[in-house]
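These notes are about the structure you will find just below.
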Amino acid sequence: MNGIQDAVGIVTGASSGIGRAAARRFAAEGASVVAVDVDPEGGAETVATIRDVGGETTFVEADVSDRDDVTAMVDETVERYGGLDFAFNNAGVEGANESLVDQPADNWERVIDINLKGVFLGMQAEIPAMLADGGGAIVNTTSIAGVVGFQGVSPYVASKHGVIGLTKTAALEYGRDGVRVNAIAPGVIQTPMIERTAADDPEMVEGISEATPLGRIGEPAEIGDAAVWLCSADASFVTGETMVIDGGYVSQ
């Protein structure tokens with residue numbers, strides 16, 4: 001895609017699922033990719049799959065809810081590759097499935113810290129690096145749970161609604177400086193997260209899949225491809241948007 005070849009970018013949550021698929025696609029388009037995750041074993045697998053096909057990548061172990069880790073993630077990217085052109089803030093967790101009243105406080109804090117604070121800290125570190133290079137593009141992963149409500153996962157729903165608000169605000173604040181900021185809202189995607197959810201509540205996942213107009217759940221690469229497009233010059237007039245990719249589920 002236009003503007004991706006020879007670009008430098010960060011993908012968080014890159015050890016599996018959507019993050020891994022996106023990192024591979026960015027690299028296939030000719031970008032240098034810094035794959036970030038708290039899971040070094042999974043990160044090593046992601047890096048290996050990219051290098052096996054001639055892609056340029058490196059792994060950085062970082063917790064997106066930790067300001068020092070996030071700052072170091074961006075600093076290492078700039079030091080290694082000379083700048084930062086795009087970022088896919090994708091790391092996230094689903095948390096415990098409990099009614100709102102019964103939600104443990106520590107679960108609320110963990111989900112908000114990773115899913116929402118992690119995006120906030122990511123953009124705080126990424127945007128100055130992009131401004132130093134004249135601009136860039138950011139994509140944040142929200143969810144269909146950022147567009148509609150779901151029972152039993154109030155921290156997740158709150159965090160994903162918050163990501164959309166942060167995305168819109170950042171797009172307004174930095175658009176004239178050349179930084180575009182968008183979000184992707186995946187539906188049910190075949191990832192380790194949905195596998196864990198299915199183990200806890202198989203009827204819910206099966207019900208969503210059956211209710212999806214396209215009649216199936218999505219693949220990680222379908223989300224990764226959209227992230228690459230939004231970061232590319234082909235999407236140069238797109239900012240502040242949330243792209244829902246869910247097989248039509250929330251359109252009903």
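- For the pair P186 and I245, the minimum side-chain heavy-atom distance is 4.5 Å or more.
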Check against side-chain contact (heavy atoms from CB on, under 4.5 Å), I4 and V228: CA-CA 8 Å; I4 294 297; V228 175; 4.3 Å; yes

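- Here the closest heavy-atom approach between residue A14 and residue A35 is recorded as CB-CB, 3.6 Å.
- Side-chain contact between T12 and F88: absent, with no pair of heavy atoms (C-beta onward) separated by less than 4.5 Å.
- Within the 3.5 Å criterion, the main-chain N or O of R110 finds no donor-acceptor partner in the side chain of D106.
- No side-chain heavy atom of V181 sits under 4.5 Å from any side-chain heavy atom of Y174.
- With hydrogens and angles left out, the side-chain atoms of D102 and S99 include a donor and acceptor closer than 3.5 Å.
- Within the 4.5 Å cutoff, the side chain of V36 has heavy atoms near those of the I10 side chain.
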Verdict with reasoning, Y81 to V34, per side-chain contact (heavy atoms from CB on, under 4.5 Å): CA-CA 9 Å; Y81 293 112; V34 176; 3.7 Å; yes

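- With 3.5 Å as the limit, one finds a donor-acceptor pair spanning the side chains of N115 and S159.
- Aromatic pair Y156/F150: ring centres not closer than 6.0 Å.
- Nearest heavy-atom pair across A62 and V38 is O-CG1, 3.3 Å.
- Hydrophobic clustering of Ile, Leu, Val, Met, Phe, Trp and Tyr side chains at less than 4.5 Å, counting indirect connections, unites F86 with I18.
- For the atom pair N140 CG and T167 OG1, the distance stands at 4.0 Å (nearest 0.5 Å).
- Scanning both residues, S143 and K160, for their nearest heavy atoms gives CB-CG, 3.8 Å.
- Checking side-chain atoms of T71 against main-chain N and O of D68 turns up no donor-acceptor pair under 3.5 Å.
- Annotation: the span from M130 atom CE to R180 atom CZ amounts to 10.0 Å, rounded to 0.5 Å.
- Residues E126 and M73 are in side-chain contact: their nearest non-hydrogen atoms beyond the backbone lie under 4.5 Å apart.
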Stepwise side-chain contact (heavy atoms from CB on, under 4.5 Å) check, V139 with N89: CA-CA 6 Å; V139 175; N89 295 313; over 6 Å; no

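- Between I217 and I189, the closest side-chain pair of non-hydrogen atoms is not below 4.5 Å.
- Looking at E98 and V153, their side chains never come closer than 4.5 Å, going by heavy atoms from C-beta outward.
- V78 and F59 fall into different hydrophobic clusters, where Ile, Leu, Val, Met, Phe, Trp and Tyr residues are linked whenever their side-chain heavy atoms come under 4.5 Å apart, directly or through other members.
- Applying the 6.0 Å contact sphere to CD of Q252 captures more than 12 heavy atoms from other residues, nucleotides or ligands.
- We find the CD-CG distance between E45 and D39 to be 7.5 Å, quoted to the nearest 0.5 Å.
- Taken together through direct or relayed side-chain contacts under 4.5 Å among Ile, Leu, Val, Met, Phe, Trp and Tyr, L214 and Y249 form parts of separate hydrophobic clusters.
- The residue from T142, N182, L230 that alone fulfils the side-chain contact (heavy atoms from CB on, under 4.5 Å) condition with M243 is L230.
- Taking CD of E94 as the reference point, atom OG1 of T191 lies at 8.5 Å (rounded to 0.5 Å).
- No more than 12 heavy atoms of other residues, nucleotides or ligands shown are found within 6.0 angstrom of CZ on R24.
- Within the 3.5 Å criterion, the main-chain N or O of I223 finds no donor-acceptor partner in the side chain of R25.
- Annotation: the span from I50 atom CD1 to F26 atom CZ amounts to 10.5 Å, rounded to 0.5 Å.
- Heavy-atom minimum distance, C231 versus A87: SG-O, 4.2 Å.
- Following chains of ILVMFWY side-chain contacts shorter than 4.5 Å, one can reach L121 starting from L116, so the two form part of one hydrophobic cluster.
- Pairing each heavy atom of V70 with each of V64, the nearest pair is CG2-O, 3.4 Å.
- Here the side chain of D69 pairs a donor or acceptor atom with the backbone of D63 at under 3.5 angstrom.
- Once rounded to the nearest 0.5 Å, the distance linking OG of S232 with CD of E29 reads 8.5 Å.
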side-chain contact (heavy atoms from CB on, under 4.5 Å) between T58 and R80, worked out: CA-CA 9 Å; T58 189; R80 180 179 292 267; 3.6 Å; yes

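- Using a 4.0 Å cut-off between charged side-chain N and carboxylate O, E222 and R216 make a salt bridge.
- Contact detail for P155 and N107: the closest heavy-atom pair is CG-ND2, 3.8 Å.
- V60 and V47 fall into different hydrophobic clusters, where Ile, Leu, Val, Met, Phe, Trp and Tyr side chains are chained together by heavy-atom contacts under 4.5 Å.
- With contacts defined as side-chain heavy-atom distances shorter than 4.5 Å, the pair I164/K168 qualifies.
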